[in-house]
Amino acid sequence: MGFVLDTVGKWIAAYLQKELPGYEPFTPSDPERVRGLVQEGDVLLVEGNSRISGIIKYLTQSTWSHAALYVGPIDGASEPDGESHVLIEANVGEGVISAPLSKYLPYHTRLCRPVGLSHEDRVTVCRYAINRIGFGYDTKNIIDLMRYLIPLPVPQRWRRRMIAFGSGDPTKIICSALIAQAFGAVRYPILPKITRAGSRNARREILHIRDSSLYMPRDFDISPYFEIVKPTIVRGFDYLSLHWADKQKPLAEVAGVLDPIQVGAGAPSFAPAPVEEMIADESSSPRPRHQSCVPAATSDPESVPDPVLKWPREAIP
């Protein structure tokens with residue numbers, strides 16, 4: 001019976017982990033920038049494309065379905081091409097494994113960095129995760145796996161509990177539980193339960209650590225204790241340097257001629273001139289001779305038009 005459950009469990013795990021075709025991220029990661037910014041202790045959130053990823057994103061109402069911990073190069077773990085394994089992750093059916101950074105670069109990712117974590121605690125967090133490589137997933141626990149095959153509508157208040165539902169240790173390595181345990185080893189908060197206590201003169205917050213099985217990938221994104229690191233912005237971003245497909249970029253040699261607002265020597269000034277200069281210009285420039293509005297004197301007074309508009313005589317009572 002145990003052999004049958006183990007075989008069925010492996011089949012379900014392989015089915016859930018299978019990638020779906022047609023995935024294309026809206027904002028793929030820049031490999032060079034990510035490699036240059038990632039640090040030990042950073043949490044890499046991934047928008048996965050497997051069957052279980054879609055269900056986790058539905059249950060958590062989030063973009064992120066997977067999380068991995070960056071620990072730096074691991075001795076003795078590398079790809080056939082020589083790339084070192086630098087990530088620690090826990091997958092359904094595989095357990096705790098190491099992986100190279102290039103595994104998730106084709107996906108939409110996000111870097112979450114713990115703020116103010118000391119070097120000693122950072123090393124402890126990474127060492128905690130590395131020491132758990134090889135911890136397996138109990139594929140005999142069919143209940144844990146089969147609930148992901150039926151994505152029924154679940155009330156929002158029950159979704160987090162549904163991910164943690166199961167029978168003990170196997171569930172604790174799903175959905176960021178391993179990373180939560182690693183940070184819990186140095187008492188670094190993610191989303192702790194906060195109890196407010198105190199008096200009128202003083203208030204304090206008492207932080208309670210949640211059970212590690214209740215953490216989800218999005219918790220690192222919304223945590224007030226983790227900084228969101230965006231390589232495009234950190235390395236310097238200039239929106240003026242972007243070349244849009246629907247607008248041709250002007251040539252450098254004609255840009256100054258076509259520019260309606262020219263800046264530099266010889267360009268007209270848009271600032272108003274001082275009052276003294278305006279008076280001097282008016283006094284120096286000759287006034288144009290205008291025709292007088294008063295007609296010349298004539299011998300016939302009746303022929304002189306009256307410049308003032310008057311009412312008709314018949315209108316005057």
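The figures that follow rest on heavy atoms only: side chains count, while hydrogens, waters and symmetry mates do not.
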Hey, can you tell me if Tyr104 and His66 have their rings parallel, tilted or perpendicular (30° and 60° cut-offs)?
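It falls in the tilted class, 30° to 60°.
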Consider only side-chain heavy atoms of I, L, V, M, F, W and Y, link residues closer than 4.5 Å, and tell whether [X] and [Y] are in one cluster.
X: Val125; Y: Val123; result: no
X: Tyr239; Y: Trp244; result: yes
X: Trp64; Y: Ile228; result: no
X: Val46; Y: Leu105; result: yes

Evaluation steps, side chain to side chain contact (heavy atoms under 4.5 Å, CB included), between Tyr70 and Leu44
CA-CA 7 Å; Tyr70 184 88; Leu44 182 70; 6.0 Å; no
If you count the non-hydrogen atoms of other residues, nucleotides and ligands that lie under 6.0 Å from CG in Asp75, is the total more than 12?
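Count not over threshold, so no.
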Gap separating the [atom1] atom of [X] from the [atom2] atom of [Y], nearest 0.5 angstrom:
X: Tyr188; Y: Ser223; atom1: OH; atom2: OG; value: 6.5 Å
X: Lys103; Y: Glu89; atom1: NZ; atom2: CD; value: 3.5 Å
X: Ile130; Y: Ile88; atom1: CD1; atom2: CD1; value: 5.5 Å
X: Leu37; Y: Glu32; atom1: CG; atom2: CD; value: 11.5 Å
X: Ile74; Y: Leu87; atom1: CD1; atom2: CG; value: 8.0 Å
X: Arg110; Y: Asp221; atom1: CZ; atom2: CG; value: 4.5 Å

Going by heavy atoms in the side chains, are [X] and [Y] under 4.5 Å from each other?
X: Tyr225; Y: Ile190; value: no
X: Asp42; Y: Val229; value: no
X: Leu69; Y: Val43; value: yes
X: Pro224; Y: Leu191; value: yes
X: Thr63; Y: Leu45; value: no
X: Glu47; Y: Pro217; value: no
X: Val186; Y: Glu120; value: no

Under 6.0 Å between ring centres, would you say that holds for Phe183 and Phe226?
yes
Is the side chain of [X] donor-acceptor paired with the backbone N or O of [Y] at a distance under 3.5 Å, no angle test?
X: Arg122; Y: Gln39; result: no
X: Arg113; Y: Glu227; result: no
X: Ser65; Y: Gly48; result: yes
X: Asn131; Y: Tyr128; result: no

Nearest heavy-atom contact between Gln61 and Arg218 is O-NH1, 4.2 Å
For a quick test of reading the model, state the closest non-hydrogen atom pair linking Pro114 to Cys112 and the distance between them.
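So the two residues come closest at CD-O, 4.0 Å.
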Set out, in order, the CA-CA distance, both residues' side-chain angles and the distance that settles side chain to side chain contact (heavy atoms under 4.5 Å, CB included) for Glu83 and Ser102, then state yes or no.
CA-CA 9 Å; Glu83 182 182 4; Ser102 60; 2.7 Å; yes
